[in-house]
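Only one structure is covered here, and it is reproduced in the block below.
All values derive from a computational prediction rather than experimental measurement. Atom set for the values below is all heavy atoms of this structure, side chains included, hydrogens, waters and symmetry mates excluded. So you know, we letter chains A, B, ... as the sequences are listed, proteins then strands, and number each from 1.
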Number of protein chains: 2
Amino acid sequence: MTTARSPRDSLPKRAHLHQVFESYLNQLGLRQTRQRRIILDAVLASGRHVDAETIANEVKKTDSSIGLATVYRTLKMMTDSQILVERHFGGDRASFEFADQGDEHHDHLICKQCGEIVEFYDADLEKRQEEVAKNLGYKLIHHKMELFAECLGLDKCERKNSK
Amino acid sequence: MTTARSPRDSLPKRAHLHQVFESYLNQLGLRQTRQRRIILDAVLASGRHVDAETIANEVKKTDSSIGLATVYRTLKMMTDSQILVERHFGGDRASFEFADQGDEHHDHLICKQCGEIVEFYDADLEKRQEEVAKNLGYKLIHHKMELFAECLGLDKCERKNSK
DNA sequence: GTGCTTGCAAACAGTTTGCATGCGG
DNA sequence: CCGCATGCAAACTGTTTGCAAGCAC
């Protein structure tokens, strides 16, 4: 029923994102540049949830001359090109994650203790949300749902707690 | 099953919030001031979801000398005193709403067309969320859920569309 | 009076933008 | 070489904070 999705599950799918971005650029007459390639690589190599500054730091390891503004501009382009989605969890920093591909939408469970983010999909919840919207006289377009929780078995948590 | 809550439903309950805030101030040795009273009045008179700037504008109608910083400081105190809860819907501005009283928790449905915000409570969703968390090995503490939708009958919407 | 409060301006964090220069196609 | 891209610094938004003066108790 409830399906957890580990950060690794979608790794194979990321392979063609280079192509997706490339053709996006071409279609708009935009250019492939060294910095855009480096930034995309950094994004692909990173975990599922990253913020601009993390990427900027990562990118600077390869080329320290790349500016924060370029990272922001490029992340926005990737969002426009449907590679990434922008999320606002905590409040301040925006975080980016890979866009869902077709049907593979998911929601998030965030551990209050260690900050671990688990992605999941639950058909019952999805269905009930549509019903609820209809009951209220609306047609559901999409939703945002985050469950805040704490570990039952502490094993998952403790690893991260120390960091 | 699904219960909608209109903005008016909780009006009677707001009456004693003055007292709540007052005793909060007393307990901490803080002072009741003209500006705090004015700000609380503005909050009480406002709709369920307000941002700092809206309150600041409202407050300035009564006393134009009241600064934005005071509004922020006071809204934070009201949040600390459990009168208000801070929410982050869109991304930029924070919005404040009256805190749930005991069991009367609710979620939000936001109309993509007119921006109307409907509050609702659905026991099935709540229950399923707990199950999902448990399935993933966590204990649910609380959640954040927003349904984005469009009106089925346009009557609700059109009124607001014009504004 | 004591010290919490206030308004103002300055500081802040995250993000965006203007501009002269650089570089891809 | 045309014109998009870049880096830098400055602008901007929402919010917070330092400070001297003001007011509640």
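Between Gln35(B) and dG7(C) there is a side-chain N or O to OP1 or OP2 distance below 4.0 Å. For Arg36(A) and dT6(D), the shortest distance from a side-chain N or O to OP1 or OP2 is below 4.0 Å.
Residue Arg34(B) is classed as having no contact, given no heavy-atom separation below 4.0 Å to the nucleic acid. Contact annotation for Ile66(B): backbone-only contact, meaning every heavy-atom pair under 4.0 Å involves sugar-phosphate atoms and none involves a base.
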Item to check | Candidate pair Met78(A) and Ile39(A), rule side-chain contact (heavy atoms from CB on, under 4.5 Å), full reasoning | outcome: CA-CA 10 Å; Met78(A) 292 178 178; Ile39(A) 292 169; 4.0 Å; yes
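Closest-nucleotide positions on DNA chain C for Leu30(B) and Phe96(A) were compared, and the one nearer the 5' end corresponds to Leu30(B).
Atom pair Asp63(B):CG and dC8(C):P shows a separation of 10 Å (rounding to whole Å applied). Here dT16(D) presents its P atom at 11 Å from CG of Asp80(B), a figure rounded to the nearest Å. Computed from coordinates, the His88(A) NE2 to dT15(C) P distance equals 8 Å when rounded to whole Å. Rounded to an integer number of Å, the gap from Ile38(B) CD1 to dT6(C) P is 11 Å. Rounded to whole Å, the distance from CG on Leu75(A) to C1' on dT17(C) is 17 Å.
Residue pairs meeting the ring-ring contact (aromatic ring centres under 6.0 Å, His included) criterion with at least one member in residues 22-56 of chain A, sequence neighbours excluded: His49(A)-Phe89(A), His49(A)-His108(A).
Checked against Arg128(A) for a salt bridge (Lys or Arg N to Asp or Glu O under 4.0 Å), the options Glu130(A), Glu126(A), Glu131(A) give a single hit: Glu131(A).
In this structure, CG in Leu125(A) is found 7.5 Å from CG in Leu147(A), a value given to the nearest 0.5 Å.
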